[in-house]
**Q** 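Mind looking over this structure? Questions follow.
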Number of protein chains: 2
Amino acid sequence: MSTEDGFDFAALVAGGGDRPRTASEFVQRALRTAILEGRIPPGTPLRQEALAAAFDVSRMPVREALRQLEAQALLEFTPHKGAVVAELSAQDQADTYLIRRALEPVALARSIPHLTRDDLDRAEDLIADMDRESDHGRLGELNRRFHLSLYAHAGSPKLLRLVERQLTEHDRYLRFHLAMMGRDRMSQDDHLAMVAAAAARDIEAATVVLQRHIDVAAEDSARFFDR
Amino acid sequence: MSTEDGFDFAALVAGGGDRPRTASEFVQRALRTAILEGRIPPGTPLRQEALAAAFDVSRMPVREALRQLEAQALLEFTPHKGAVVAELSAQDQADTYLIRRALEPVALARSIPHLTRDDLDRAEDLIADMDRESDHGRLGELNRRFHLSLYAHAGSPKLLRLVERQLTEHDRYLRFHLAMMGRDRMSQDDHLAMVAAAAARDIEAATVVLQRHIDVAAEDSARFFDR
DNA sequence: CATCTGTTGATTGGATCCAATGTTAAGTCT
DNA sequence: AGACTTAACATTGGATCCAATCAACAGATG
């Protein structure tokens, strides 16, 4: 059954968390996390019929889910050809870092004055979790949650949603990156330094570290796409 | 016929530009521009049946269009209640400016070295067009195109898409803003200064003007939401 | 032999029908 | 009279069916 059509969609059906109220949302979430975690490789064509069968729904909720994911740039739609999981490209990856570098320091700077001791503790916990975690998919999520925890009090929901989105897209590349680099201790030093600077309410130091953190990650990752 | 259900959807049917290949896309574009240009007020409930009748299609392409617009944050979906045009809020507006201020200078700086004489001429043409234009809806589009024309050569498609999105969302507020302020000569001075700086390849000067331009617009607009 | 064309199969787009849910309003009971 | 229950309606969510489009392949023609 795993040689269906290049990918075993049935494996996606075990949706975690709270069961969504609508089938459309159910499909949307399952596909979304599957794509983000790299479980459906870029370029995979998404046949509506196959997905409908895998999720045991009709084609309609599948179509709605695909439309939503298209608007999130996770897949590409061609009028009468269907949907394909969006490709990863060096250009796209570079752009993601460019955007993160512009947005995240702003979020961090605005958030630092309002961070509580609890927030900082949780951030440190996440760093510890990352040290323990070995699965690449979950590591990306922990990294995302760590960054977001420091930006949480920026008081700009729209900015945060945007940053979150960039971080999730970054996940797709990070996963790819880690898979080739083996386990990395990454920039945990940077992470710790950021928390320390935040605790000291030193906005300047924290943003400098963050920018360098992103720049280094950008350079590292760029190498994997030089081909 | 204009007292249908609070809004005359039939007036949207005259879609400009190239006719889309699919009904879904047709509906999506029409609704999108209508919302952006403020022709459908925030908070308006979008009944699928009414839209389908107005566009002379079935409810299905309408549903797909609504899903896409939801993912673009132009309307809000509630499971069994339906879609409502997204509200404008002071917070959201402030966030939009925050994001623009972070992203646009980056795009401009990267684009300036590659701008051609033609690009600059077109930018100046757009400024002239804005002087002549009186309709608020179109003015917003011209303003958007002006900004984008200066960023066009940034070489970062993803960044540009994001900036374009912020500018279109900004349009909704700009329209609201202009409607109360009467005709304004706005920041055409800033626009001219930006083109001049770009022509001189003076990245520093251009980005400074742009940042101030955005800051001033942010402060101006914020007043209208103090209530 | 290459190219063009017509035909068949696969897949998506759209329409209609039915089920599920939410809302409203009437009616009943305290 | 006020609050709760329940029944009708309106609206959305989902399934199935049909039409339109695209891709692949076979055959004809230069």
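Chain identifiers are assigned alphabetically (A, B, ...) following the order of the sequence lines, protein sequences preceding nucleic acid strands; residue numbering begins at 1 within each chain.
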**Q** Could you state the CD-C1' distance from B:E70 to D:dT12, rounded to the nearest angstrom?
**A**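 The distance from CD of B:E70 to C1' of D:dT12 comes to 14 Å, rounded to the nearest Å.
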**Q** Any Lys/Arg nitrogen of B:E64 or B:R67 sitting under 4.0 Å from an Asp/Glu carboxylate oxygen of the other?
**A**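 A salt bridge is absent here (no side-chain N lies under 4.0 Å from a carboxylate O).
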**Q** Measure the distance from CD on A:E64 to P on D:dG14 and round it to the nearest whole Å.
**A**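 Rounded to the whole Å, the gap is 7 Å.
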**Q** Which residues, if any, of residues 72-85 of chain A bring a heavy atom under 4.0 Å of DNA chain C?
**A**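 Heavy-atom contacts with DNA chain C come from A:F77, A:P79, A:H80, A:K81, A:G82.
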**Q** Which whole-number value in Å describes the distance from A:L66 CG to C:dG13 C1'?
**A**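 Between C1' of C:dG13 and CG of A:L66: 13 Å.
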**Q** Under the side-chain hydrogen bond (donor to acceptor under 3.5 Å, both in side chains) rule, collect the residues that match up with B:Q166, sequence neighbours excluded.
**A**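 Partners of B:Q166 under the side-chain hydrogen bond (donor to acceptor under 3.5 Å, both in side chains) test: none.
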**Q** By ring pair (Phe, Tyr, Trp, His ring centres under 6.0 Å), which residues pair with A:F146, not counting sequence neighbours?
**A**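 A:F146 satisfies ring pair (Phe, Tyr, Trp, His ring centres under 6.0 Å) with A:H191 once adjacent residues are dropped.
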**Q** Would you say D:dT12 has OP1 or OP2 under 4.0 Å from some side-chain N or O of A:T22?
**A**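 For A:T22, the contact criterion (side-chain N or O under 4.0 Å from OP1 or OP2 of D:dT12) is not met.
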**Q** Output a table of donor-acceptor pairs, distance under 3.5 Å, between side-chain atoms of residues 78-87 of chain A and any protein atom two or more places apart or on a different chain; print 'none' if there are none.
**A**
none

**Q** Looking at residues at least two apart in the chain, or sitting in another chain, which of them share a side chain to side chain contact (heavy atoms under 4.5 Å, CB included) with A:A102?
**A**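 For A:A102, the residues satisfying side chain to side chain contact (heavy atoms under 4.5 Å, CB included) (neighbours in sequence not counted) are B:L103, B:V106.
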**Q** Return each pair, listed once, that meets side chain to side chain donor-acceptor pair (under 3.5 Å) where at least one residue sits in residues 102-116 of chain B; pairs must be two or more places apart or across chains.
**A**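 Only B:R100-B:E104, B:E104-B:H147, B:E104-B:Y151, B:R110-B:S156, B:T116-B:D119 qualify under side chain to side chain donor-acceptor pair (under 3.5 Å).
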**Q** For A:L46 and C:dA10, what is the distance between atoms CG and P respectively, to the nearest whole Å?
**A**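 The distance from CG of A:L46 to P of C:dA10 comes to 20 Å, rounded to the nearest Å.
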**Q** At less than 4.0 Å, is any side-chain N or O atom of B:Q48 found next to OP1 or OP2 of D:dA10? Yes or no.
**A**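 No, outside the criterion.
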**Q** Find the distance A:E49:CD to C:dG9:P and express it as a whole number of Å.
**A**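 Atom CD in A:E49 sits about 17 Å away from atom P in C:dG9.
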**Q** Residues two or more places apart in sequence or in another chain: which of them pass side chain to side chain contact (heavy atoms under 4.5 Å, CB included) with B:A218?
**A**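 Only B:Y97 meet the side chain to side chain contact (heavy atoms under 4.5 Å, CB included) criterion with B:A218.
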**Q** A side-chain contact here means heavy atoms from C-beta on lying under 4.5 Å apart; do A:D121 and A:R117 qualify?
**A**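 Yes, their side chains come closer than 4.5 Å.
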**Q** Tell me, please, which residues at least two apart from A:R144 pass salt bridge (Lys or Arg N to Asp or Glu O under 4.0 Å).
**A**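 In terms of salt bridge (Lys or Arg N to Asp or Glu O under 4.0 Å), with neighbours along the sequence ignored, A:R144 is linked to A:D171.
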**Q** In whole Å, I'd like the distance from the CZ atom of A:R47 to the P atom of D:dC22.
**A**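 Whole-Å distance recorded here is 14 Å.
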**Q** Taking CG from A:L51 and P from C:dT11, how many angstroms apart are they, rounded to a whole number?
**A**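 Result: 12 Å.
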**Q** Pairs under 3.5 angstrom, nitrogen or oxygen only, protein versus nucleotides 15-18 of chain C, please.
**A**
unit_1: C:dA15; atom_1: OP2; unit_2: B:S58; atom_2: N; d: 2.7
unit_1: C:dA15; atom_1: OP2; unit_2: B:S58; atom_2: OG; d: 3.1

